[in-house]
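Have a look at the structure below before the remarks.
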Amino acid sequence: MMFASVIVSITASDVNKVFEYKIPEGLSDLIKVGHRVLVPFGPRQIQGYVVDIKDEVEYDAARIKPIIRALDIRPVLTPELIQLAGHLADHYIASYISVIETILPAALKSKSKKMLSLHSPGGEAELAWQGMNLPHEVEVKTLSASQLAALKPYITSGEVIEETVLTQHTKKKYARALKPTFAPRGDFGRAYKQLELLDFIEQHDEYVLLSEVLEHGYTSGTVNELVKKGYVRRTDVVVERDPYKSRVFEEDPPKELNSEQEYAYNEIIRAVEEDTAETFLLHGVTGSGKTEIYLQTIAHVLDKGRTALMLVPEIALTPQMVNRFKARFGDEVAVLHSGLSHGEKYDEWLKVRNGGAKVVVGARSSVFAPVENLGIIIIDEEHETTYKQQDRPMYHAAEVAKYRSRYYNCSVILGSATPSLESYARSERGVYTRIELNHRAVTRTLPETKIVDMSVEHRSGNISIVSDTLREAIEERIRLGEQTVLLLNRRGYANFQICQDCGHVPNCPNCDISLTYHKAQYSLLCHYCGYEDGVKRECDNCSSDEVTFRGTGTEKVEEILRDMFNTGIVRMDNDTTRRKGMHEKLLDKFEQEKVPILLGTQMIAKGLDYPNVTLVGVLNADTMLNIPDFRANEKTYQLLTQVAGRAGRHELSGEVIFQTYNPGHYAIDLAQGNDYRTFYEKEMAFRRLARYSPYYFHVLFTVSHETVQKCLEATTHIHQALVKSVTDKAIIVGPSPSPIERINNQYRFQILLKYKNEPNLLEVLHEINLHYNELYKKEKLSLKIDVDPKYIM
DNA sequence: AGCACGCCGACT
DNA sequence: GTCGGCGTGCTC
């Protein structure tokens with residue numbers, strides 16, 4: 001007799017463990033490790049995942065129930081992914097099931113429905129059933145309370161059956177198709193068109209899609225006739241969703257590498273040939289041709305019969321990037337990103353699982369792609385915080401990548417023009433192998449960068465958001481027919497409304513943050529919880545009608561620029577790109593129609609590569625400096641360097657202008673000089689002094705609750721628990737209110753733990769987590785434990 | 001007494 | 001997550 005260890009598909013701390021089931025004789029060949037199975041669980045039937053198969057059990061043998069059936073033909077999880085899930089659950093203080101369901105596409109999660117059907121016809125039950133005019137089967141949810149009450153006795157008596165049905169999130173996609181019957185042909189008379197169409201259909205022995213037939217100019221009338229005469233049958237066929245199907249990709253041959261690229265490539269190939277799990281930090285200035293190195297490395301890995309994973313930040317998953325991969329590797333590429341529906345993602349996932357795609361390109365969660373025999377994992381723009389998931393499990397893609405690389409003995413490449421301090425520090429200590437690319441691939445020179453001091457500008461009478469220097473530079477580009485990219489890190493129209501009499505600013509009633517004015521909707525929006533309010537005609541506080549707007553957002557700047565230059569502008573921010581496909585559409589417009597100005601928030605800082613862009617302007621280089629986070633300087637440096645890198649990437653040389661009120665600040669000053677090394681040293685000195693990462697590891701505890709009281713109680717308790725269990729070398733900061741004290745009517749308090757070496761830490765964290773999960777149920781308290789947080793807020 | 005409601009523990 | 005058991009308290 002064989003038994004299976006099963007993780008059940010329920011998120012609750014007390015079922016966060018293995019449940020054991022019998023494998024019925026008839027299923028013993030069918031059920032393998034990694035399978036999804038249907039199991040009895042109390043009075044219900046639910047979905048679970050087999051994580052182990054063994055011939056002995058620990059639980060009371062008499063109480064072990066059998067698995068009902070397998071839900072797949074092939075297992076959905078490999079042993080490697082199961083092992084990975086266990087590691088992540090442990091490392092990031094998450095439940096096993098939450099990690100498993102993060103690894104798998106959402107389409108595989110089960111949704112349960114309770115159904116009622118009439119069992120024994122005749123008798124009172126049927127009378128009642130028909131009296132309500134119910135179909136053969138009904139979902140309990142759709143019944144009214146009185147209907148349910150009326151049926152209840154029959155459910156108890158067994159005349160009406162109640163059962164739980166599992167449904168998947170997605171169905172296969174079907175398309176109408178035509179199938180030839182190859183019936184002997186009769187006389188077609190004058191029906192030449194039908195004869196022609198029949199010939200066409202009979203060329204395919206399987207089927208032809210109806211859409212294809214119509215594309216060839218045949219009409220549905222002709223089709224109908226053939227169906228009526230019995231030569232053709234209509235059918236539905238399963239089709240694979242391929243969002244890139246209608247596009248043609250030109251083949252893109254490998255480009256010649258320059259000497260720097262060549263060196264980097266050879267270094268990486270050496271590791272690939274040695275089959276070592278080495279981590280490279282590829283530190284290359286913007287435009288140094290990192291992507292070409294990635295592409296050729298992947299090509300080499302594929303030649304060896306292995307597979308490749310390529311991660312990019314969601315925002316950089318632009319059509320430009322995708323096209324480049326499609327053009328180089330054709331159908332061997334699977335692309336996974338947030339723009340795909342559950343079904344589309346599932347199809348791409350299946351393609352990978354079945355070995356139909358050897359290269360996977362995608363955002364964070366693609367690091368879990370079910371590839372086997374991995375040969376290389378690449379993480380582009382490794383400093384991006386989007387690689388860290390913000391809800392549970394709060395994993396970082398680079399950690400997952402390194403774990404997988406050890407399993408497959410393959411290398412990891414972390415690429416960036418502005419590496420995170422953590423990665424660079426590791427490369428200094430020799431944990432990572434650092435490779436530098438100091439020159440641009442095409443122009444060889446970086447754009448010339450200027451800093452404009454906005455306070456000087458103000459004193460000389462220009463109070464506009466555009467300095468004279470920047471205005472002249474833009475005018476010059478318009479005259480030359482070249483393009484400008486402008487970064488304004490703030491969406492909306494004006495920042496907020498303010499009363500000029502009493503200084504009152506309308507705040508969100510649910511969050512401790514001011515409301516942002518959006519002109520298009522003529523409303524005030526909360527960017528945290530989505531709360532919307534009308535624009536105030538008078539002050540809520542003093543009823544004065546002297547209310548005005550302060551601060552300038554993208555929407556407002558677009559207006560200002562239109563007035564100033566009287567030219568075409570493409571605006572890209574959260575508001576204009578929310579709809580599916582808009583991101584791509586706007587960029588296409590910018591490129592194809594050579595629109596003179598692209599104005600946007602941070603989303604334009606990455607990945608754009610347009611030869612005609614020769615000027616980049618940053619309207620407010622300072623905003624990032626003011627975020628309440630110890631990484632503010634690092635983020636500022638990175639953002640400025642990245643956006644500056646959009647200029648002059650090809651034949652035309654580029655120019656960059658940073659507008660700032662802090663011209664002497666080292667993050668801005670060194671970004672202007674493109675001096676990463678000096679920035680690294682200065683910032684490391686600050687981190688050392690303030691005892692922050694990379695000198696210390698961090699764990700952030702955030703407690704939220706409706707009341708301040710409970711938050712304080714809980715954080716104080718956690719503080720005590722930590723003091724008791726960590727060494728005296730660790731530093732515990734807090735409890736203190738989070739930078740945004742309240743979001744969605746929940747107060748938030750935090751504790752930051754800083755440590756270097758705590759052998760028992762994971763154990764302690766799991767204990768605290770368990771304890772507060774219990775409390776959470778009773779007191780509606782929530783505790784988030786963020787291991788290696790990327791934001792301290 | 002009879003039942004509605006909410007809390008709590010168990011689920012292999 | 002969700003079911004059933006059980007205690008509390010309200011109504012007939």
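All chains are named by letter (A, B, ...) in the order of the sequence lines, taking the proteins before the strands, and each is independently numbered beginning at 1.
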Centroid separation Y395(A) to F368(A) less than 6.0 Å: yes
Carboxylate-amine/guanidinium proximity below 4.0 Å for [X] and [Y]:
| X | Y | result |
| --- | --- | --- |
| K345(A) | E348(A) | no |
| R63(A) | E20(A) | no |
| D786(A) | K388(A) | yes |
| R748(A) | E741(A) | no |

4.5 Å side-chain heavy-atom contact, L761(A) and F697(A): no
For the pair made of [atom1] in [X] and [atom2] in [N], what is the distance, rounded to whole Å?
| X | N | atom1 | atom2 | result |
| --- | --- | --- | --- | --- |
| F41(A) | dG9(B) | CZ | P | 16 Å |
| I46(A) | dA10(B) | CD1 | P | 17 Å |
| Q47(A) | dT2(C) | CD | P | 14 Å |
| Q45(A) | dT2(C) | CD | C1' | 14 Å |

Proximity to DNA chain B (any heavy atom under 4.0 Å), residues of residues 7-23 of chain A only: D14(A), V15(A), F19(A), E20(A), Y21(A)
Nucleic acid contacts - residues 50-68 of chain A versus DNA chain B, non-hydrogen atoms under 4.0 Å: Y59(A), R63(A), I64(A), K65(A)
Q750(A) and T702(A) side chains, donor-acceptor separation under 3.5 Å: no
Inter- and intrachain pairs under side chain to side chain donor-acceptor pair (under 3.5 Å), touching residues 81-104 of chain A, at least two apart: S9(A)-E101(A), Y49(A)-E101(A), Q83(A)-Y403(A), D90(A)-H766(A), S95(A)-S98(A)
